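Before any comments, here is the structure.
A, B, ... follow the sequence lines: proteins, then strands. Residue 1 opens every chain. Please read these numbers as outputs of a predicted model, since none were measured by experiment.
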There are 2 protein chains.
Amino acid sequence: MNKEELIKQTAKDLFFNKGYLHATTQEIADAAGVNRSLINYYFRSRDLLFQTVYREAVESLKSQLDKVLYDNVPFKEKLSIFIDVYMKELLKYPYRESFLITEICSKNFALKEKKKSAALAHFLKEIAEEMEKGTLKKGDPIHFVFDLFALMSFPVIMTPLYQKLLDISKEKYKALIAERKQLILEKIFN
Amino acid sequence: MNKEELIKQTAKDLFFNKGYLHATTQEIADAAGVNRSLINYYFRSRDLLFQTVYREAVESLKSQLDKVLYDNVPFKEKLSIFIDVYMKELLKYPYRESFLITEICSKNFALKEKKKSAALAHFLKEIAEEMEKGTLKKGDPIHFVFDLFALMSFPVIMTPLYQKLLDISKEKYKALIAERKQLILEKIFN
DNA sequence: ACTTTTGTTAACAAAATTGTTAAACATCAA
DNA sequence: TTGATGTTTAACAATTTTGTTAACAAAAGT
């Protein structure tokens, strides 16, 4: 892999996977096995590296939604696929959303970039239709989306804390998370 | 308020409420309106201030659980009270758990401190009983707890990101969150 | 009153982190 | 082979952040 890409991937691994949001350029360089100056060579500054990673994270998040949510398959099946895809990504990058949140909070993002996801908007419409049909309990489709993402993401994000509070082993916790894909699908269609 | 307490409260406000997890001692001091040296006077080092805040966050989290989950009231009512209490706290300190997670991840916590929550254990038993009775759908009580906390916390934690992705105004989002207390209770008892 | 303790501050020192530069190195086309 | 280009590195400089000190102020105790 070329080193520019390597640096980016390593940064993502530290941020999204290890949850190490405070990483210094030196720590990133060490983890990548490259000279720290290369970070400046390729990204000019630490801040620009962070911005790049941030942007790509939002992009990949949105393109993931796009990939699945536009599929022309029956709703229930689409949901099944979606949960599958999204949770796989969650296990790979549990802290991606957490990173985004901290970035948004730390820079006082007066970002004009339009981040709105068209796929999500489309998905919301589809949910509304299902509610009309009676397949789903009626209500604001946004709450349905909230519920869906919450049920998938939160236990993953909270792993280190809940392991402590519930006194569960790493393996047991992992097994519990694995069970959830099916459970969520059931719960969603109560 | 004495300044030691003021510093701590300000740090908590920055971390838990503003989501500003990178705060420097200078920024904390400025926000508190005190001289930065006072932080060293009262807490010796930045790291010890963080540790103190961390510990107190875990303690308050656990004592909150204790306060509500041991109550001797019917299960459904207890849950209603719990959701009420917990979501009120969530709105005050949306990023408390996020702070805990980043701290756990950044220090390689070889913490021997037992963090296990007895209240949660007790709550799990109660849930199991309700499942026996048929009041709740059967399953691993832990998943019930996962679901409960996920539904409450996640949309709150993700506020800045979801506002962007869904293109919702601050006020509208706030209103949506406010609606959830009731919705969660209904959903839980499907 | 004055002595001791506690709180507060600015100035300084030390450490950590980031950014820059110039030279070494590699690759490859002319 | 040369030289043009892009890559990599170490050494250095600048900046930011943290920690320490000593002086001063306020409060409390005697």
Nucleic acid contacts of residues 32-40 of chain A, taken as heavy-atom distances under 4.0 Å to DNA chain C: R36(A), S37(A), N40(A)

Residues in side chain to side chain donor-acceptor pair (under 3.5 Å) contact with E129(A), at least two apart in sequence or another chain: none

Pairs touching residues 71-83 of chain B that satisfy side-chain hydrogen bond (donor to acceptor under 3.5 Å, both in side chains), sequence neighbours left out: K78(B)-E126(B)

Ionic contact status for K8(B) with D13(B), cut-off 4.0 Å: no

Touch class at under 4.0 angstrom, heavy-atom based, for Y42(B) against every strand present: sugar-phosphate

Whole-Å gap separating C1' (dT7(D)) and CG (L6(A)): 14 Å

Residues in salt bridge (charged side-chain N to carboxylate O under 4.0 Å, His left out) contact with K133(A), at least two apart in sequence or another chain: E130(A)

Bend angle of the helix from dA1(C)-dT30(D) to dA30(C)-dT1(D), from helix axes over five pairs at each end, nearest 10°: 10°

With sequence neighbours excluded, residues passing side-chain contact (heavy atoms from CB on, under 4.5 Å) with K88(B): D84(B)

Span of DNA chain C, from the first to the last nucleotide whose atoms fall under 4.0 Å of chain A heavy atoms: dT17(C) to dT20(C)

Partners meeting ring-ring contact (aromatic ring centres under 6.0 Å, His included) with F99(B) (sequence neighbours left out): F15(B), F16(B)

Between dT7(D) (C1') and K3(A) (NZ): distance, integer Å: 8 Å

Separation of atom OH in Y41(B) from atom P in dA26(D), rounded to whole Å: 15 Å

Atom-to-atom span, CD of Q26(A) to C1' of dA10(D) - whole angstrom: 12 Å

Residue pair T25(A) / N40(A), side-chain heavy-atom distance below 4.5 Å: no

Test side chain to side chain donor-acceptor pair (under 3.5 Å) applied to E179(A) - qualifying residues, sequence neighbours left out: H143(B)

Can I get a per-line list of side-chain donor-acceptor pairs under 3.5 Å for residues 41-50 of chain B, giving both atom names and the distance, sequence neighbours left out?
residue	atom	partner	partner atom	Å
S45(B)	OG	D47(B)	N	3.4
S45(B)	OG	L48(B)	N	3.2
R46(B)	NH1	A23(B)	O	2.7

Side chain to side chain donor-acceptor pair (under 3.5 Å) partners of Q64(B), counting only residues at least two apart: R96(B)

With sequence neighbours excluded, residues passing side chain to side chain donor-acceptor pair (under 3.5 Å) with D30(A): Q26(A)

